[in-house]
Amino acid sequence: MGLPIVAIVGRPNVGKSTLVNRLTGMMDAIVHDSPGVTRDRTYRPAFWNGQNFLLVDTGGLVFDDESEFLPHIREQVMIALSEATVVVMVADGQTGPSPADAEIAQWLRQHPVSTLLTINKCESPGQGTTLAAQFWELGLGEPLPVSGIHGNGTGDLLDQVVASFPPQIDEPEESPVNVAIVGRPNVGKSSLLNAFVGENRSIVSPISGTTRDTIDMVVHRGDRSYRFIDTAGIRRKKNVDYGPEFFSINRAFKAIRRSEVVLLLIDALDGVTDQDQKLAGRIIDEGRACVLVVNKWDAITKDTYTINEFGKLIRSRLSFMNWAELIFVSAETGQRVEKILDLVNRAAQQFQQRVTTAVINEVLEEAVSWHTPPATRQGRQGKIYYGTQVSSQPPTIALFVNNPVHFKDNYRRYIERQFRENLDFTGTPIRLLWRGKKPRDVERNSANRATRA
């Protein structure tokens, strides 16, 4: 049995996202002083009085306008309503009841789901009751005054929300693998999420910048589960103005940071661009596992050699990420989409891999026997005393040497290559920490290890 779902609905610009941020205690929903910032439905975990549940932030609901994204937003709100255990309708106490509020209230009364009416922007506790009283006419029961900005009345709202839940049965559940879907605008990120989910979970449009909030969705395959995080398209920094897109891109970067595996989407029609290279560098800097996903493969005219030629071209442009596996898919037709999960599983496993100190030193001994560290012009020889893995996610190995300066980039790459060839680490970056250590300290540590053995 899944967590109860609470859908937050209302017309545009009544403060739904501000209220969601207040109720969840997180600043995840993008808030900006313009209507239409939220478009997709976004799920946020919440907790109150011992109850875990999900809050669903939705776009502003408008029935009499077919322009731009509004029909898609209505579709997303309707899906949220069909999933919801409780619906919280949010209205604006400063403007009073509007015809749009009355239309939404009438629509909600036609659905068999518990509905609570919340009047936002009631910052003054004294005037809040007076402002809320205007909304009795909507026929949804007692209007509850709250302030998403200051938090007034939110505790009372949460009390009513959890009181509407059916009894919960705690079921142990394995933590899903966090998978962020990132890429430039219009490469098919939302289409890929929808292909995994099997429904229109995200709005898909040829208009660049359709997705703004990060969108989490848990998908189950057999005994495994994955939390996919759809993100906004990331453009060059110089092209981004301060506003909703700026916050969207920051959310996308945070999504990379909280993921274990990143799907870097590349447009098959455009190939690897400079922005793709920068995104790949960002993934490496954050130390995340990665799968390179070339989307829109169905749009390419192909022959026997096309896939190999494309693969070589992409590898040459992303040579610094040669450890990431590569797959060609079509999110629109579903071609090879499910095979992405096999690569995600392998990357996640290697991302969490731990290797014993004994095995690491066997690899080092073999590597040094084949290729000794080069000497400097002054005749000083680099020496590797021993290595040990100090952490995972990503795998991080400390190498204790006489002087890190003696080991140039070529030799460091050689050692990393030896670890990859002997210990796999497919799909994940590995970090090598070169630590200077005096020989006397090494002898003392070796003696201590021998004594403990």
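What you are looking at is a predicted structure, and each value in this text was computed from that prediction instead of being measured.
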State, yes or no, whether a side-chain contact exists between Glu123 and Ile149 at a heavy-atom distance under 4.5 Å. yes

Salt-bridged, Arg346 to Asp424, with N to O below 4.0 Å? no

Measuring from Ile360:CD1 to Arg354:CZ, what's the distance to the nearest 0.5 Å? 9.5 Å

For the residue pair Trp323 and Phe425, is the inter-centroid distance of their aromatic rings smaller than 6.0 Å? no

Are any of the side-chain heavy atoms of Leu264 and Val291 separated by less than 4.5 Å? no

So, for Phe400 and Tyr386, is the gap between ring centers shorter than 6.0 Å? yes

Within 6.0 Å of NZ in Lys339, more than 12 heavy atoms from elsewhere: no

Nearest heavy atoms of Thr58 and Lys16, plus distance in Å: O-CE, 3.2 Å

Taking C-beta and beyond as the side chain, do Gln381 and Pro373 meet within less than 4.5 Å on heavy atoms? yes

Between Ile415 and Ala367 the two heavy atoms that sit nearest each other are CD1-CB, 4.1 Å

Please answer whether the main-chain N or O of Ser147 pairs with a side-chain N or O of Asn152 as donor and acceptor at a distance below 3.5 Å. no

If the threshold is 4.0 Å, N to carboxylate O, is there a salt bridge linking Arg221 and Glu338? yes

Find the distance between CG (Leu23) and CG (Leu19) and round it off to the nearest 0.5 Å. 4.0 Å

Does the side chain of Leu263 come within less than 4.5 Å of Val344's, by heavy atoms? yes

Got Val161 and Trp48 here, is their nearest side-chain heavy-atom distance under 4.5 Å? no

Tell me, do Leu326 and Val294 make a side-chain contact under 4.5 Å, heavy atoms counted? yes

Parallel, tilted or perpendicular, judged at 30° and 60°: which one describes the rings of Phe328 and Phe310? perpendicular

Other residues, nucleotides, ligands: >12 heavy atoms within 6.0 Å of Glu421 CD: yes

Check this for me, if you would: do Arg412 and Glu416 make a salt bridge, where the nitrogen-to-carboxylate-oxygen distance has to be below 4.0 angstrom? no

Thinking salt bridges, do Asp274 and Arg317 make one under a 4.0 Å N-O criterion? yes

Ignoring hydrogens and geometry, is there a side-chain-to-backbone donor-acceptor pair from Lys121 to Val146 under 3.5 Å? no

Of Arg288, Gln350, Gln393, the one forming a side-chain contact (heavy atoms from CB on, under 4.5 Å) with Thr428 is Gln350

Please test Tyr226 against Asn345 for side-chain hydrogen bond (donor to acceptor under 3.5 Å, both in side chains), starting from the C-alpha separation and ending with a verdict. CA-CA 10 Å; Tyr226 309 84; Asn345 292 340; 2.7 Å; yes

Has the side chain of Asn403 got a donor or acceptor atom that lies under 3.5 Å from a matching backbone atom of His406? no

Please assess Thr306 against Asp303 for the test side-chain hydrogen bond (donor to acceptor under 3.5 Å, both in side chains), listing each intermediate value before the final yes or no. CA-CA 5 Å; Thr306 304; Asp303 58 29; 2.9 Å; yes

pair Phe419-Val363: side-chain heavy atoms closer than 4.5 Å: yes

What is the minimum heavy-atom distance between Asp57 and Ser17, and which atoms define it? OD2-OG, 2.6 Å

CZ of Arg282 to SG of Cys290, rounded to nearest 0.5 Å, is 14.0 Å

Pairing residues for Gln418 by the side chain to side chain donor-acceptor pair (under 3.5 Å) criterion, not counting sequence neighbours: none

Can Leu144 and Asp156 be said to form a side-chain contact (heavy atoms from CB on, under 4.5 Å), step by step? CA-CA 8 Å; Leu144 180 65; Asp156 294 334; 4.3 Å; yes

How close do Gly387 and Thr357 get, counting heavy atoms only, and between which atoms? O-CG2, 3.4 Å

Thr273 side-chain N/O to Asp276 backbone N/O, donor-acceptor pair under 3.5 Å: yes

Test ring-ring contact (aromatic ring centres under 6.0 Å, His included) applied to Trp434 and Phe407, Tyr411, Tyr385, the passing residue: Phe407

Between CG of Asn186 and OG of Ser191, what distance do you get to the nearest 0.5 Å? 9.0 Å

Could you tell me whether Glu325 atom CD has more than 12 heavy atoms of other residues or ligands within 6.0 Å of it? yes

Please assess Asn178 against Ser259 for the test side-chain hydrogen bond (donor to acceptor under 3.5 Å, both in side chains), listing each intermediate value before the final yes or no. CA-CA 5 Å; Asn178 293 319; Ser259 68; over 6 Å; no

Of all heavy-atom pairs linking Leu116 and Gln160, the shortest is CD2-OE1, 3.6 Å

The side-chain contact (heavy atoms from CB on, under 4.5 Å) partner of Val337 among Asn295, Val293, Ile327, Leu192 is Leu192

Using atom types as modelled and distance alone, determine if a side-chain donor or acceptor of Thr396 lies under 3.5 Å from a backbone N or O of Ser392. no

Decide side-chain contact (heavy atoms from CB on, under 4.5 Å) for Phe165 and Thr85; before the verdict, give the C-alpha distance in whole Å, the side-chain angles of both, and the deciding distance to 0.1 Å. CA-CA 7 Å; Phe165 292 162; Thr85 308; 4.1 Å; yes

Do Asp298 and Thr333 have side-chain atoms, one donor and one acceptor, less than 3.5 Å apart? no

Of all heavy-atom pairs between Ser114 and Ser164, which one has the smallest distance, and what is that distance? OG-OG, 3.9 Å

Can you check side-chain hydrogen bond (donor to acceptor under 3.5 Å, both in side chains) on Gln353 and Gln389, steps first, answer last? CA-CA 10 Å; Gln353 182 182 186; Gln389 183 172 351; over 6 Å; no

Nearest 0.5 Å, please: how far is CD1 in Ile430 from CZ in Arg420? 4.5 Å

Under the side-chain contact (heavy atoms from CB on, under 4.5 Å) rule, what do Asn422 and Glu362 come out as? Steps first, then yes or no, please. CA-CA 10 Å; Asn422 289 278; Glu362 286 178 12; over 6 Å; no

Can you tell if the side chain of Ile8 reaches within under 4.5 Å of the side chain of Val56, non-hydrogen atoms only? no

Out of curiosity, Arg22 CZ to Leu157 CG, how far, rounded to the nearest 0.5 Å? 12.5 Å

Might you work through the side-chain contact (heavy atoms from CB on, under 4.5 Å) test for Val162 and Leu158, ending with a clear yes or no? CA-CA 6 Å; Val162 299; Leu158 288 169; 5.5 Å; no

